[in-house]
K.L.:
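Quick one: the structure is below, and I'll ask about it shortly.
Everything numeric in this text was worked out from a predicted model, so none of it was measured. By convention in this document, chain letters (A, B, ...) are assigned in the order of the sequence lines, proteins followed by strands, and residues within each chain are numbered from 1. When reading the values below, keep in mind they use all heavy atoms of this one structure, side chains included, and skip hydrogens, waters and symmetry mates.
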Amino acid sequence: MIHRFAPESAPSPAYTPSPTSALDQPSPLLQSLNPEQLAAVTLGPEPALILAGAGSGKTRVLTTRIAWLLSTGQVGPAGVLAVTFTNKAAKEMLTRLAALLPLNVRGMWIGTFHGLCHRMLRAHCKLLNLPATFQILDMQDQLSAIKRLHKQLALDEERFKPKELQWFINACKEEGQRAHQVPARDAEQRHKIEFYRLYEEQCQREGVLDFGELLLRSFELLRDHDPVREHYQRRFRHILVDEFQDTNRLQYAWLKLLAGRMEGNQFVPAGNAVLAVGDDDQSIYAFRGARVGNMADFVREFGVRQQIKLEQNYRSQAHILEAANRLIEHNQGRLGKNLRTDQGTGEPLRVYEAPSDYAEANWIVDEVRQLTGRDGLPAHQVALLYRSNAQSRVLETALFNAGLPYRVYGGLRFFERAEIKHALAYLRLLDNPADDTSLLRVLNFPPRGIGARSVEALQAAAQAAGCSLHDAASAVPGRAGASLGAFVALLDALRERCQGLALRQIVEQVLQHSGLLAHYRAERDASERVENLEELLNAAESFVMQEGFGRDAVALPLDETAAAEAGAAANAGNPPDEEPPSGETLSPLQAFLSHAALEAGDNQAQSGQDAVQLMTVHAAKGLEFDAVFITGLEEGLFPHDNASSSAQALEEERRLMYVAITRARQRLYLSHAQTRMLHGQTRYHPRSRFLDELPPQCLQWLSPKPGAVAGLARGSTGLQPAWGRSALVPEVPGVPGLPSRSAPATADTHGIRSGMAVFHQKFGQGKVLAVEGRGDDARAHVNFTRHGSKWLALAVAKLTPL
DNA sequence: CCGCACTTTTTTTTT
DNA sequence: AAAAGTGCGG
């Protein structure tokens, strides 16, 4: 007997609960939950906050709660809203839920903030005066749109950099502010605000929305349209929020609209059961507006009476957990939480200091070989983590040379590759010719004789006529006009050709007749690009198969909402701007394009093979592995240079380190390199302060610990081979891997001594804090008045004693 | 208009 | 080191 919850055919009241009541007869769902987890899963319908430590079964609690609510008939599938940050987390939740219940989860409102807001906007685009064909700008697109406007306004390159303007606009949106709401502190600020306003006009004209706009528009939809808000409020009786510590102001405000209303400055909850799950120690997205304070605000504004701490860790062995606990204690103002484990003591954390980044990578390869060979771990249970994407290169090279299969997450994702973006631009222009960003991207790609001059003429014509570039093409005279006309004709022909075709065929037509495929086939060294384009065909095909034409994803709310709005509108005397949304569904093409923008293609390549996993620490959040390497633990890298200035930023780096440590189940390796190629230069970094913040009794130094007698390092597996390979850096005779902080500054130090006042071309005046090594290896730690402290190689940097 | 070579800038993390 | 921007000859 299988229950099929097809939301389309089952409006909320028609849902029939299974006869079992979990309250009198404990359902198998609830077995093997610990008391705290059980309490969290079976909370009553009221606002609650779960403080869920790393590895405490957070996702399990969330999915089990949804399953429990559904199976006890407290709510139907349409009455649940569950929101996460990453597509990965959303997918995980759907998969687990589907495993718990015989349920068609596809139509449920479980997804990322951006995904769900997008769904809402599609359903109400008429009401919002959005074209039904609106497309989503990713960061790249957004930047190029900004650059275009920047140029058009002839702004000063020095005073307003496009990147800065992009950052400014996104920051405003994260705070929920439109241009007119941003306080203008000074002239500079006023210019930025004006730019923000013009950028918004441009986006509206072109029918495109950036990431922040998805959230902001959705927020405004709920704020300004009572019937819509009331509809969703009635509908979503249970709202579950994952990673609550990483919500920004706007996301929190959005949630408040779904669960209450403002009376003046006072928030009045409407009684929806909002379950916020989070961990303040794992807040690592402040740089994009995350606000830990939302947790405290939530407790206050929703009048939360139920707070549950999940402190039992089911993932890591004791040494690992102890290290994480001690590290995070260095942060101030935590909510406070101490994880415990019963997974056994386990092995100490292994710390390795390599002479160079190259040697570090080779040591890691040796250790990975042992783990996957002698220790029998599957390769995908081994993760190599780093602070920034650029660090993956050395590791990749070493793994490649050793013939070990690996998989890199993040970095350049599938849908972000240039050739794919070109193809997508053509696809977008089929439905939305007003998309100037896309048009400019492919106007002359492949090259068809439309140069900078022609583009200028076209832009001038468009501005004069106040229309899109596409529509302005016919107004350009002469030779340029002819080639522009030809391009527009090509697009029109393509559109004609694709009428009524299936998605795969549409993509095929575009690749063929845009000339993209031919262009890359003719180019040398472009075989990978051709393969990627062919992969795009597969992606389109499998998208149609998996998503069921992408229909469910968007179609679900329409009928219901239309009814709700129609009813409300009728009662309110049918104001003209409150027309109910049409019931049209998203075309497969539009669904696919949205999918490409929102999911960026989680690096689908080579997913079949068992491979070592490489990713940034950010990307690793929410994942776990038997063995984890945290690499590049150096001052300037991790913690990152840009964070060293403020205490807040430094604490975020520490939380990042906390996240990294708590990914590991059994084995944790920590490594750093004395020298590293960075931005094309060899740089010297002292080891990360985080290493010194870990409890010594949990650590095993595979290379001499500073202050320890050289050569007495314990457990030296993998030590010799790494040192034997340190070709890049000559060792100081007799003392391999010399401790980086206690070297005597005796011989040739280029006339630089500790305590000296010095001058540097770029950094200006500074004071020498320490000098290490000698000859070509000599380096100085200098505290510059204007630029803070830096390590400089004396053989390279020109330091003048003052 | 195109392609090539040269110069300059940029590098944290991401939905 | 890599990418993006600039300038020049064909």
Side-chain angles (χ1 to χ4, degrees), chain A residues 83-90 111-118 136-140 142-144 147 151 157-158 161-164 166-167 170 173-174 209-216 218 242-243 246-248 250-251 283-290 357 385-394 397 409-413 415-416 418 443-457 479-480 483 523 594 597-600 602 615-622 632 636-644 649 652-653 655-657 659-660 676-683:
Chain A
V83 59
T84 65
F85 273 87
T86 63
N87 295 302
K88 210 170 6 180
T112 62
F113 277 100
H114 293 85
L116 296 177
C117 286
H118 171 246
I136 301 166
L137 293 184
D138 66 16
M139 294 279 279
Q140 270 179 59
Q142 187 191 30
L143 186 60
S144 69
K147 280 183 179 164
K151 216 172 232 166
E157 279 286 346
E158 286 307 305
K161 294 190 174 133
K163 273 254 173 68
E164 273 170 36
Q166 181 181 30
W167 191 87
N170 289 337
K173 292 190 178 183
E174 277 150 11
L209 273 66
D210 59 43
F211 281 138
E213 189 70 11
L214 289 174
L215 299 191
L216 190 46
S218 179
D242 193 14
E243 309 277 15
D246 282 328
T247 51
N248 61 34
L250 179 57
Q251 286 158 338
S283 169
I284 55 174
Y285 284 105
F287 70 91
R288 63 169 199 214
D357 51 350
L385 307 184
Y386 34 82
R387 175 70 234 273
S388 57
N389 281 305
Q391 289 169 253
S392 73
R393 251 201 133 69
V394 211
T397 310
Y409 288 80
L412 254 207
R413 304 227 272 283
F415 286 116
E416 287 168 3
L443 181 57
N444 196 33
F445 196 94
R448 47 175 73 89
I450 303 174
R453 282 314 253 289
S454 308
V455 174
E456 262 171 48
R479 205 192 163 91
S483 39
E523 194 164 297
S594 302
L598 286 171
E599 308 211 9
D602 282 342
M615 64 191 85
T616 63
V617 181
H618 282 91
K621 186 156 86 150
L637 251 178
F638 197 1
H640 195 273
D641 251 337
N642 302 14
S644 56
E652 175 142 318
E653 294 287 304
R655 289 193 293 271
L656 199 53
M657 180 67 182
V659 167
R676 180 176 296 274
M677 283 297 275
L678 212 58
H679 320 322
Q681 277 183 316
T682 306
R683 305 246 317 236

K.L.:
Checking contacts here: which listed nucleotide (dC2(B), dT13(B), dT15(B)) is nearest the side-chain heavy atoms of H618(A)?
P.N.:
dT13(B)
K.L.:
Is F287(A) stacked on the base of dT12(B), meaning ring centres closer than 5.5 Å and planes within 30 degrees of each other?
P.N.:
no
K.L.:
If I compare all heavy atoms of E599(A) with all of N87(A), which pair ends up nearest, and what's the gap?
P.N.:
CA-ND2, 3.7 Å
K.L.:
What pair of heavy atoms forms the shortest contact from H114(A) to F211(A), and how long is it?
P.N.:
CD2-O, 3.4 Å
K.L.:
Under 4.0 Å, counting only non-hydrogen atoms across every strand here, what does R448(A) touch: a base, just sugar-phosphate, or nothing?
P.N.:
sugar-phosphate
K.L.:
With both distances under 3.5 Å as the test, what is the Watson-Crick or G-U wobble partner of dA4(C)?
P.N.:
dT7(B)
K.L.:
Tell me the interatomic distance from D246(A), atom CG, to dT13(B), atom C1', rounded to whole angstroms.
P.N.:
11 Å
K.L.:
So, is N389(A) close to the dT13(B) phosphate, meaning a side-chain N or O under 4.0 Å from OP1 or OP2?
P.N.:
yes
K.L.:
I want to confirm an ordering. Mapping G115(A) and S454(A) to their closest nucleotides on DNA chain B, which one lands closer to the 5' end?
P.N.:
S454(A)
K.L.:
Please state whether the phosphate of dT15(B), meaning OP1 or OP2, lies under 4.0 angstrom from any side-chain nitrogen or oxygen of R413(A).
P.N.:
yes
K.L.:
NZ/K151(A) to CD/E456(A) distance, rounded to the nearest 0.5 angstrom?
P.N.:
8.5 Å
K.L.:
Measure from the side chain of S388(A), starting at C-beta and using heavy atoms only, and say which of dT15(B), dT10(B), dT12(B) lies closest.
P.N.:
dT12(B)
K.L.:
Considering only atom C1', compute the distance from dG5(C) to dT12(B) and round it to an integer number of Å.
P.N.:
24 Å
K.L.:
Can you tell me how far C1' of dT14(B) sits from CD of Q142(A), to the nearest Å?
P.N.:
13 Å
K.L.:
What's the closest nucleotide to the side chain of A619(A) if the choices are dT14(B), dT12(B), dT15(B)?
P.N.:
dT14(B)
K.L.:
dT10(B) P sits how many Å from K163(A) NZ, rounded?
P.N.:
8 Å
K.L.:
Determine whether a donor-acceptor pair (one donor, one acceptor, N or O, separation below 3.5 Å) exists between the side chain of H679(A) and the base of dT11(B).
P.N.:
yes
K.L.:
With a 4.0 Å cutoff (strictly under), does any side-chain N or O of N642(A) reach OP1 or OP2 of dT11(B)?
P.N.:
no
K.L.:
Could you check which nucleotide pairs with dT13(B) in any of the strands shown, counting Watson-Crick or G-U wobble with both distances under 3.5 Å?
P.N.:
none
K.L.:
Check this one for me: any side-chain N or O of N87(A) less than 4.0 Å away from OP1 or OP2 of dT14(B)?
P.N.:
no
K.L.:
Is the distance from OP1 or OP2 of dA2(C) to the nearest side-chain N or O of R393(A) less than 4.0 Å?
P.N.:
yes
K.L.:
From CG of L214(A) over to P of dT15(B), roughly how many Å is that when rounded to an integer?
P.N.:
14 Å
K.L.:
Would a 4.5 Å heavy-atom cut-off, applied to side chains only, mark L637(A) and Q391(A) as touching?
P.N.:
yes
K.L.:
Mind checking if M139(A) touches a base, just sugar-phosphate, or nothing, with heavy atoms under 4.0 Å?
P.N.:
base
K.L.:
Rounded to whole angstrom units, what separation is found between the CD atom of Q681(A) and the P atom of dA2(C)?
P.N.:
15 Å
K.L.:
Return the value, rounded to whole Å, for the distance between atom CZ of F113(A) and atom P of dT14(B).
P.N.:
19 Å
K.L.:
Under a 3.5 Å cut-off for both distances, is dG9(C) Watson-Crick or wobble paired, and to whom?
P.N.:
dC2(B)
K.L.:
Does a nitrogen or oxygen in the side chain of T616(A) sit under 4.0 Å from OP1 or OP2 of dT14(B)?
P.N.:
yes
K.L.:
Between atom CG in D138(A) and atom C1' in dT15(B), what is the gap in whole Å?
P.N.:
11 Å
K.L.:
Rounded to whole Å, please give me the gap between NE2 in H640(A) and P in dT13(B).
P.N.:
8 Å
K.L.:
Atom CZ of residue position R288(A) - does it have more than 12 heavy atoms of other residues, nucleotides or ligands inside 6.0 Å?
P.N.:
yes
K.L.:
If you measure from CG on D210(A) to CD1 on I136(A), what distance do you get to the nearest 0.5 Å?
P.N.:
10.0 Å
K.L.:
Side chains of Q166(A) and K161(A): does their closest heavy-atom pair fall under 4.5 Å?
P.N.:
no
K.L.:
From C-beta outward on K147(A), which listed nucleotide comes closest to its side chain: dT14(B), dA4(C), dT12(B)?
P.N.:
dA4(C)
K.L.:
Of all the nucleotides listed (dT14(B), dT15(B), dT12(B)), which has the minimum atom distance to the side chain of Y285(A)?
P.N.:
dT14(B)
K.L.:
Can you figure out which of dT13(B), dC2(B), dT15(B) approaches the side chain of H114(A) most closely?
P.N.:
dT15(B)
K.L.:
Applying a 4.0 Å non-hydrogen cut-off, can you work out what L637(A) is touching in the nucleic acid: base, sugar-phosphate, or nothing?
P.N.:
nothing
